[in-house]
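The next block holds one structure in the form of C-alpha cells; read it before the comments.
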Amino acid sequence: MNIEKIRVRFAPSPTGYIHVGNARTALFNWLFARQNKGVFVLRVEDTDVERSREEYERRLIDDLRWMGLDWDEGPDAGGNFGPYRQSQRLDIYQGYTQKLLQEGKAYYCFCSTEQLEKERETALAAGTMPIYSGRCRVLDPGEAERRIRSGEKAAVRLKVPDEGLISFDDLIRGHLEFDLKLIGDPVLVRSTGFPAYNYAVVIDDHLMKITHVVRGEDHISNTPRQILTYRALSLEPPLFAHLAMVMGKDNTRLSKRHGATAVDQFAIEGYLAPAFFNYLALLGWAPPEGREVLEKAELLELFDLKKVSRSAAIFDYEKLHWINRQHIKKLDPGGKARRAFPFLADAGLLPEAMTEVHWRWLEKAAESLMEGVDKFSELPQKFSLLFDFTPLALDEEAKSILKSESAPKVITAFAQKLERAGGLDYAKYAAIIEEIKKETGIKGKALFHPLRVALTARTSGLELDKFIPLVEEGARLSFPRPIKSCLERVRETKKHLESKAADI
RNA sequence: GCCCCUGUCGUCUAGCCAGGUCUAGGACACCGCCCUUUCAAGGCAGCAACACGGGUUCGAAUCCCGUCGGGGGCGCCA
C-alpha cells in the first residue's frame with residue numbers, strides 16, 4: 001500500500017454518551033494522526049435511526065473537545081470528503097449498491113426477520129455457528145427485480161465465497177486468518193434502505209481516503225466481512241489496528257457500576273483534561289523511558305501504535321487519581337485558583353462576583369489546600385477547614401486533646417495575647433508562640449495540638465502558619481459564608497471549654 | 001455451542017519477535033522508616049508476578065503442543 005498522507009478517523013455512533021473505551025480509541029487515533037502529520041477525521045455513524053440522537057452528537061463533540069482533541073474534518077468542521085454524517089450519505093451508498101447488484105456480487109434478500117431468527121436459534125441449538133443459509137442467493141435476479149419494483153421490501157446481501165481463507169495483517173496483532181465457511185452473506189443494505197454498519201464503513205473509509213483503521217477489538221470479526229466488501233467493489237482495504245478493550249475493576253465490561261465511565265463525568269468530577277488524556281494513553285501503552293506523567297506534547301512524541309498492548313486493560317481510578325494529582329501540582333497558583341473556583345462557588349463557599357482580592361486569597365488557599373486532592377469535587381470538603389468552625393462538634397481525638405493537661409494553659413495564654421494583639425499575622429503569631437513557650441514551658445505537640453483544635457476544631461489540616469494568614473485575611477473579605485477570625489475562634493473555644501468543661 | 005482475540009506483581013506494564021545478560025525492571029496501590037507541631041506532600045526501603053501441564057534445548061517468561069481462565073463475535077446494532 002502506497003500511503004502518501006496518513007488519514008485516520010474516529011467514527012462513533014451518537015447513541016449515548018461517549019465512554020472511556022471509545023475515548024481511548026479516539027485518543028490513539030488522534031495521537032497517531034498528529035505524530036505523523038496526518039489527518040484526523042470525525043465521522044458520525046448515525047445509521048441506526050432508532051437510537052441515534054442529535055443531542056448525543058453535540059455531547060460527543062463537547063466531550064472530545066474537552067479531552068483536548070481536535071479534528072481536521074467532521075460534521076462541524078467540514079472537509080473535502082463530506083458529508084461526515086452517514087445519514088446524509090445515503091445516495092452515495094445507493095450508487096455502490098446498484099453496481100454490486102448489477103455485477104451479481106450482491107443480491108436481494110426477502111427473508112423475514114422471524115424466519116432468520118428461527119434459523120439462528122436452530123443453528124445455535126445444534127451447536128454450530130448461525131450463518132445465513134443463502135436461500136435468497138439462488139433467486140433469479142430478474143424475478144427479484146420485479147418483486148422490488150412491485151413494492152416488496154428486501155435487504156441486500158453480499159455474496160461471500162463458500163470456501164477459502166481470508167486474512168489480513170493487524171498492526172497490533174499480526175497475521176489474522178478467518179475461514180470463509182464461517183462467514184455468512186452479510187446484509188449490506190437493510191430493507192429500510194439504510195446501509196448496515198459493515199457496508200457504510202467500507203464505502204466511507206474508502207471515499208474519505210482513510211489509510212489506517214484504529215478501532216476496538218470488538219471489530220475484529222467484522223474485518224473479514226469488510227475486506228470481502230472491499231474486494232467486491234475492487235477497492236483496496238486500509239490497514240487495520242485493533243485495540244484491546246478497557247475493562248472494569250472486576251474484569252467485566254466497564255459500566256456505571258464501576259464509577260464514572262462517561263467522559264463528561266470526569267469533567268464534572270473535576271479531573272484535569274490533560275491528566276485524563278495522560279491516563280487514557282497509559283491504558284494499553286507504556287512510555288519507553290518509564291516516566292508516566294506526561295503532557296500532550298510529550299505523549300505525541302513518545303506514543304507508538306505498534307507498541308500498544310494486545311490484552312485488555314482494567315481502568316484503575318487509583319492511578320488516574322495519582323496522575324491527576326501530579327498534573328494539579330504542575331499548575332501555577334492562578335491556574336489552580338481558576339480550576340478550583342467553579343467547584344467552590346457551586347458549593348456556595350465563594351461569591352459569584354470575585355474581586356481581585358478574593359482571587360489573590362483563593363490563589364493562596366488553593367496552593368495549600370489542593371495538595372493531595374484526587375479530583376476537584378473534593379475541594380469543598382477541603383475548604384470547609386477555613387469556612388466551618390464548630391467547636392461543638394469535636395471528634396473524640398480533638399476532645400481528648402482539649403482534656404490534656406497543657407490545653408487550658410495554652411489556650412488561655414493564647415487567647416489573652418490574641419485579645420491584646422488585635423489581628424494576627426505570621427510575625428505576631430510566631431512571637432506569641434515564643435512567649436507562650438517561655439511562660440508555660442510547654443512546647444512541641446503539647447503546645448501545637450491544643451492550638452490547632454482551638455483554631456480549627458479539628459485535629460488535622462494545614463500547618464498553622466499557613467492556616468492563620470488564610471483565615472485572618474479571609475475574615476476581612478466578604479464570603480457567602482463568612483470566615484471567622486482567629487480571635488473569634490479562640491474566644492468560642494474558650495467559652496466552650498469553660499461552660500462545658502465537664503463533658504468535652 | 002461454534003469462531004476469533006488474549007493470559008508477566010492486586011492494577012497498568014517492560015522483557016517475548018531475533019532463548020542465556022531475568023536471583024524478571026518500572027509505575028499505581030499497600031506496608032514500614034525518615035522528614036515533620038497533625039494530615040498530606042517529599043525521600044528511602046519492603047511486599048508482590050512469568051496461569052497450568054507437557055515438549056524442544058546444555059539452557060525457556062521468551063519457541064511448539066495441550067489444558068484452563070478472561071474477553072469479544074456469531075444481528076436488517078454499531
Side-chain angles (χ1 to χ4, degrees), chain A residues 11-13 15 45-48 50-52 86 109 111-113 116-117 120 123-132 153-157 170 172-174 176-179 181-184 186-198 200-201 215-224 242 244-245 247 249 251-253 279 282-293 307 309-323 325 329 368-369 371-373 382 385 397 401 433 443-453 456 458-465:
Chain A
S13 57
T15 53
E45 310 219 319
D46 55 350
T47 53
D48 183 347
E50 309 274 294
R51 297 192 299 146
S52 294
Q86 289 186 330
C109 173
C111 297
S112 70
T113 320
L116 294 171
E117 187 53 39
R120 193 170 303 126
L124 244 23
T128 55
M129 221 160 136
I131 296 162
Y132 176 61
K153 294 283 177 217
V156 177
R157 285 184 190 268
D170 191 283
I172 294 170
R173 278 150 222 284
L176 262 27
E177 263 182 7
F178 301 84
D179 191 341
K181 277 201 277 281
L182 300 167
I183 300 175
V187 167
L188 263 23
V189 183
R190 294 182 266 220
S191 50
T192 57
F194 269 71
Y197 163 78
N198 276 313
V201 246
R215 66 203 338 180
E217 114 185 291
D218 45 341
H219 287 292
I220 288 183
S221 56
N222 282 144
T223 309
H242 288 97
M245 305 274 91
M247 314 294 283
K249 190 95 195 153
N251 218 341
T252 60
R253 237 189 157 133
Y279 177 67
L282 257 27
L283 272 183
W285 172 80
E289 304 297 324
R291 199 165 53 90
E292 293 184 314
V293 181
K307 293 282 223 172
S309 166
R310 284 158 307 180
S311 56
I314 291 174
F315 193 91
D316 181 11
Y317 289 90
E318 294 288 355
K319 184 125 186 187
L320 204 216
H321 286 159
W322 178 74
I323 296 272
R325 289 200 298 268
K329 205 180 289 179
S368 305
L369 287 165
E371 245 184 57
V373 164
K382 274 268 181 184
L385 175 72
E397 199 191 343
I401 288 172
I433 294 297
K443 58 183 178 174
K445 286 184 185 179
L447 170 62
F448 289 102
H449 280 178
L451 274 185
R452 169 176 299 283
V453 175
T456 70
R458 310 167 195 220
T459 50
S460 70
L462 285 179
E463 286 104 328
L464 289 179
D465 51 357

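Numbers restart at 1 for each chain; the letters A, B, ... are given by sequence-line order, proteins then strands. Treat the numbers as computed from the prediction; the structure is a model and nothing was measured.
Both geometric conditions, a ring-centre gap below 5.5 Å and a plane tilt below 30°, are fulfilled for Phe448(A) over the base of U37(B).
Counting any heavy atom pair closer than 4.0 Å across all strands shown, Asn222(A) reaches a base atom. Across all strands shown, Glu292(A) has heavy atoms under 4.0 Å from base atoms, whether or not it also approaches the sugar-phosphate. Residue Thr47(A) is in sugar-phosphate contact alone, with no base atom involved, counting any heavy-atom pair closer than 4.0 Å across all strands shown.
Take His449(A) and apply the ring-ring contact (aromatic ring centres under 6.0 Å, His included) test, not counting sequence neighbours, and it matches no residue.
Atom CG in Asn251(A) sits about 15 Å away from atom P in A51(B), given to the nearest Å.
Between A49(B) and U11(B), the distance separating the two P atoms is 12 Å to the nearest Å.
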Where do N or O atoms of nucleotides 2-4 of chain B meet protein N or O atoms at under 3.5 Å, pair by pair?
residue : atom : partner   : partner atom : Å
C2(B)   : O4'  : Gly127(A) : O            : 3.4

Less than 3.5 Å apart, which donor and acceptor atoms pair up between the side chains of residues 284-292 of chain A and the rest of the protein, not counting sequence neighbours?
residue   : atom : partner   : partner atom : Å
Arg291(A) : NH1  : Glu298(A) : OE2          : 3.4
Arg291(A) : NH2  : Glu298(A) : OE2          : 2.9
Glu292(A) : OE1  : Lys319(A) : NZ           : 2.8
Glu292(A) : OE2  : Lys319(A) : NZ           : 3.2

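Ring planes of His321(A) and Tyr317(A): tilted class, angle from 30 to 60°.
One N or O on the side chain of Tyr279(A) and one on the backbone of Asp316(A) form a donor-acceptor pair closer than 3.5 Å.
Listed nucleotides A78(B), C12(B), A41(B) differ in distance to Lys329(A); the shortest reach to its side chain belongs to A41(B).
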